[in-house]
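These notes concern the structure reproduced below.
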Amino acid sequence: MKSRTRRTFLVLLLAIPVLVGFLAGAGKGLSRRLKERNREALIGLAHEASARLDRSQAVEAAADLRKALDGIDGLGNKEDQMTVFEGIVRVSMSAKFQTKDREGLFHDIALKIARLQICHDAWEESNWKLKALQQLLDAGQSASLSEEAQVHLIQACLASVAEVKLHPDPKSEMAVLNARNTRYDHCMKALMAIGDALSKRRLSPGVEVEQMRAIAEAQERIRATDPKRNWDVFQGIVQKVVVSRLTDHDLAFHRSYKPGAPQKWADAPYLVGKVCPICLTREREDQPFRAELGGPVFNALPQDLRSLGCEEIGTLVGIYVTDVAVGTYHREATLDGRGMGFTSSGLPKMGTAYRVDMDVVLFDRTKGTPIASKRFTGGKPPDRIEGGGDGYGERPWKEIAEYLANLPRISSGP
């Protein structure tokens with residue numbers, strides 16, 4: 001009797017894991033089927049919203065889209081979430097919505113992206129959100145949103161970037177580093193997407209500057225999480241939103257100016273309003289100068305001097321680069337031990353040593369007249385170039401920024 005009881009007990013003991021596994025598998029299968037049904041139901045809501053629009057039921061259509069949006073959290077994977085999300089955005093773009101209803105949907109979608117928890121993987125989550133934000137911003141351009149709605153969309157997208165946790169707490173130090181780097185990169189790319197959207201549509205004076213300031217602040221928060229990294233996307237945004245919008249009239253003087261001896265058109269150099277430093281470059285003498293943001297000077301200026309919009313520019317600062325040959329590099333000597341310093345002589349030439357000088361021209365944009373010019377001498381080129389080739393000294397970016405920061409500021413030209 002005892003032996004039979006013992007055998008029965010052992011059989012039950014062995015059967016328990018099998019039963020648990022069977023129930024778990026059945027549970028997973030049921031959960032998967034339920035999630036698939038949820039996906040189909042949410043896609044159905046988006047289709048129903050589109051059908052309601054065809055029947056001129058815009059209010060009901062908007063309600064269906066919001067229900068679908070609320071249900072994204074319950075889906076099983078990011079692919080299903082993206083499928084439903086794309087369907088919602090596509091229907092939201094319809095011109096059959098009243099402008100106010102369409103803009104409200106875009107705003108709600110952007111906020112949903114900010115709050116949505118995709119998964120526990122840092123790369124997957126931040127990549128999904130970046131893709132969703134880019135799609136939403138592109139759709140916003142196509143939907144011809146009002147200025148107010150465009151601003152709300154940009155602010156909601158910035159809020160989504162701010163929601164990304166840049167200080168995750170995984171188990172290992174390497175996991176922490178990888179997660180932080182991935183999220184850092186995706187946040188920066190999201191700012192680039194927001195900047196692109198801002199550059200494609202000109203907003204009212206003041207409004208655009210506010211959005212640029214918000215993007216700059218967002219970048220500073222991201223960069224503060226990893227000071228060792230030196231990724232600056234804001235310079236590219238300033239190039240697109242500010243410098244690329246300068247007119248031929250704005251640039252006429254700088255494009256015709258020929259760097260040379262310092263000149264003075266006013267009694268004393270000064271700054272009026274805020275500053276926009278631009279580098280004037282060209283590949284050949286017979287080509288016109290191309291204007292690009294003087295990023296190192298822009299970043300080194302006090303924040304209250306940086307122009308974040310065309311309407312803020314009072315002083316346009318033209319910067320011209322001149323490479324001055326100051327010596328030559330030679331092959332390593334084998335007999336007398338002389339090195340590859342550019343002061344060596346009597347050995348085969350390997351390259352040229354250049355000092356990089358910069359001419360700076362101040363231009364009063366409020367009056368349309370030049371103010372003064374000044375030449376800045378660059379640093380000494382390196383004594384040695386491993387492997388041969390030309391060598392260049394440091395450019396005097398810092399000195400130019402200090403010069404500008406110390407000039408007297410006035411409200412209008414004298």
Side-chain angles (χ1 to χ4, degrees), residues 199 202 205 208-209 212 235-324 355-378 395-414:
S199 69
R202 198 157 194 162
E208 189 170 80
V209 170
M212 290 288 285
Q235 286 188 29
I237 296 173
V238 174
Q239 173 69 31
K240 291 181 179 179
V241 177
V242 183
V243 177
S244 65
R245 291 177 178 171
L246 291 170
T247 66
D248 290 337
H249 177 73
D250 289 323
L251 298 171
F253 174 81
H254 287 294
R255 284 175 172 164
S256 62
Y257 179 77
K258 294 182 179 180
Q263 300 182 54
K264 186 185 295 183
W265 293 273
D267 292 336
Y270 63 88
L271 297 181
V272 55
K274 294 193 175 183
V275 172
C276 180
I278 55 173
C279 280
L280 284 302
T281 60
R282 59 184 177 184
E283 294 181 3
R284 299 197 312 264
E285 289 291 328
D286 59 342
Q287 291 182 333
F289 281 109
R290 182 177 62 252
E292 297 178 352
L293 179 71
V297 174
F298 181 84
N299 282 348
L301 288 174
Q303 289 191 5
D304 62 342
L305 267 183
R306 302 177 195 170
S307 296
L308 299 182
C310 284
E311 69 272 15
E312 284 195 321
I313 301 175
T315 307
L316 198 56
V317 178
I319 303 172
Y320 303 82
V321 178
T322 302
D323 296 333
V324 181
R355 186 186 72 229
V356 184
D357 293 348
M358 290 182 163
D359 288 272
V360 171
V361 182
L362 309 179
F363 186 82
D364 187 337
R365 189 165 176 252
T366 64
K367 297 177 65 178
T369 58
I371 302 170
S373 69
K374 181 178 174 66
R375 170 160 286 199
F376 291 83
T377 302
R395 300 188 177 195
W397 298 115
K398 182 179 178 183
E399 292 80 358
I400 294 172
E402 290 175 350
Y403 165 74
L404 295 173
N406 289 321
L407 286 175
R409 307 180 199 179
I410 58 179
S411 56
S412 60

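Quick note: residue numbers are just sequence positions, from 1.
- In this structure Phe376 satisfies the ring-ring contact (aromatic ring centres under 6.0 Å, His included) test together with Tyr403, sequence neighbours excluded.
- Annotation for Trp397 and Cys279: closest pair CH2-SG, 3.5 Å, computed over non-hydrogen atoms.
- Counting only heavy atoms from C-beta outward, the side chains of Asp248 and Arg255 approach each other to under 4.5 Å.
- With values rounded to the nearest 0.5 angstrom, Leu407 atom CG is found 9.0 Å from Thr315 atom OG1.
- In this structure, CG on Asp250 lies 7.0 Å from CD1 on Ile313, to the nearest 0.5 angstrom.
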Exercise for the section: Would you sort out whether Ile319 and Val297 count as a side-chain contact (heavy atoms from CB on, under 4.5 Å), showing the intermediate values? Expected result: CA-CA 10 Å; Ile319 303 172; Val297 174; 4.0 Å; yes
Exercise for the section: Given side-chain contact (heavy atoms from CB on, under 4.5 Å), test Ile371 with Tyr270 step by step and report yes or no. Expected result: CA-CA 7 Å; Ile371 302 170; Tyr270 63 88; 3.5 Å; yes
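- Applying the side-chain hydrogen bond (donor to acceptor under 3.5 Å, both in side chains) rule to Arg395 yields no partners; only residues at least two apart in sequence or on another chain are considered.
- The side-chain contact (heavy atoms from CB on, under 4.5 Å) test applied to Thr369 returns Asp364, Lys367, not counting sequence neighbours.
- Smallest separation of non-hydrogen atoms from Pro370 and Trp265: O-CB, 3.3 Å.
- Separation of atoms CG (Leu271) and CG (Asn406) is listed at 10.0 Å; rounding is to 0.5 Å.
- A salt bridge links Glu208 to Arg245: at least one charged side-chain nitrogen sits closer than 4.0 Å to a carboxylate oxygen.
- Under the 3.5 Å distance criterion, the side-chain polar atoms of Thr322 are left unmatched by any main-chain donor or acceptor of Met358.
- Judged purely by atom type and a 3.5 angstrom limit, Ser373 uses its side chain to pair as donor or acceptor with the backbone of Gln263.
- Under the 4.5 Å side-chain criterion, counting only non-hydrogen atoms from C-beta, Val361 is in contact with Phe253.
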Exercise for the section: Please assess Val356 against Val321 for the test side-chain contact (heavy atoms from CB on, under 4.5 Å), listing each intermediate value before the final yes or no. Expected result: CA-CA 7 Å; Val356 184; Val321 178; 3.5 Å; yes
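- Between Gln239 and Leu293 the shortest heavy-atom distance is OE1-N, 2.8 Å.
- Listed by chain and residue number, Asp359 satisfy the side-chain hydrogen bond (donor to acceptor under 3.5 Å, both in side chains) test with Arg375 (two or more places apart in sequence, or in another chain).
- Applying the side-chain hydrogen bond (donor to acceptor under 3.5 Å, both in side chains) rule to Glu292 yields the partners Arg290; only residues at least two apart in sequence or on another chain are considered.
- In this structure, the side chains of Val209 and Glu311 come closer than 4.5 Å at one or more pairs of heavy atoms.
- Put simply, CD1 on Ile237 and OG on Ser199 are 9.0 Å apart, with the number rounded to the nearest 0.5 Å.
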I'd like a table of donor-acceptor pairs (distance under 3.5 Å, sequence neighbours excluded) in which one partner is a side-chain atom from residues 302-310, with atom names and distances.
unit_1: Asp304; atom_1: OD2; unit_2: Arg409; atom_2: NH1; d: 3.0
unit_1: Arg306; atom_1: NE; unit_2: Phe298; atom_2: O; d: 3.1
unit_1: Arg306; atom_1: NE; unit_2: Leu301; atom_2: O; d: 3.2
unit_1: Arg306; atom_1: NH2; unit_2: Asn299; atom_2: O; d: 2.8
unit_1: Arg306; atom_1: NH2; unit_2: Leu301; atom_2: O; d: 3.2
unit_1: Ser307; atom_1: OG; unit_2: Val275; atom_2: N; d: 3.3
unit_1: Ser307; atom_1: OG; unit_2: Val275; atom_2: O; d: 3.1

Handout entry: side-chain contact (heavy atoms from CB on, under 4.5 Å) assessment of Cys276 paired with Ile278
Key = CA-CA 6 Å; Cys276 180; Ile278 55 173; 4.0 Å; yes
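- Outside the 6.0 Å centre-distance limit, the rings of His254 and Phe289 are not counted as a close aromatic pair.
- The NZ atom of Lys274 sits 15.5 Å away from the CG atom of Leu316 when rounded to the nearest 0.5 Å.
- Between Thr377 and Pro396, the closest heavy-atom pair is O-CB, 3.9 Å.
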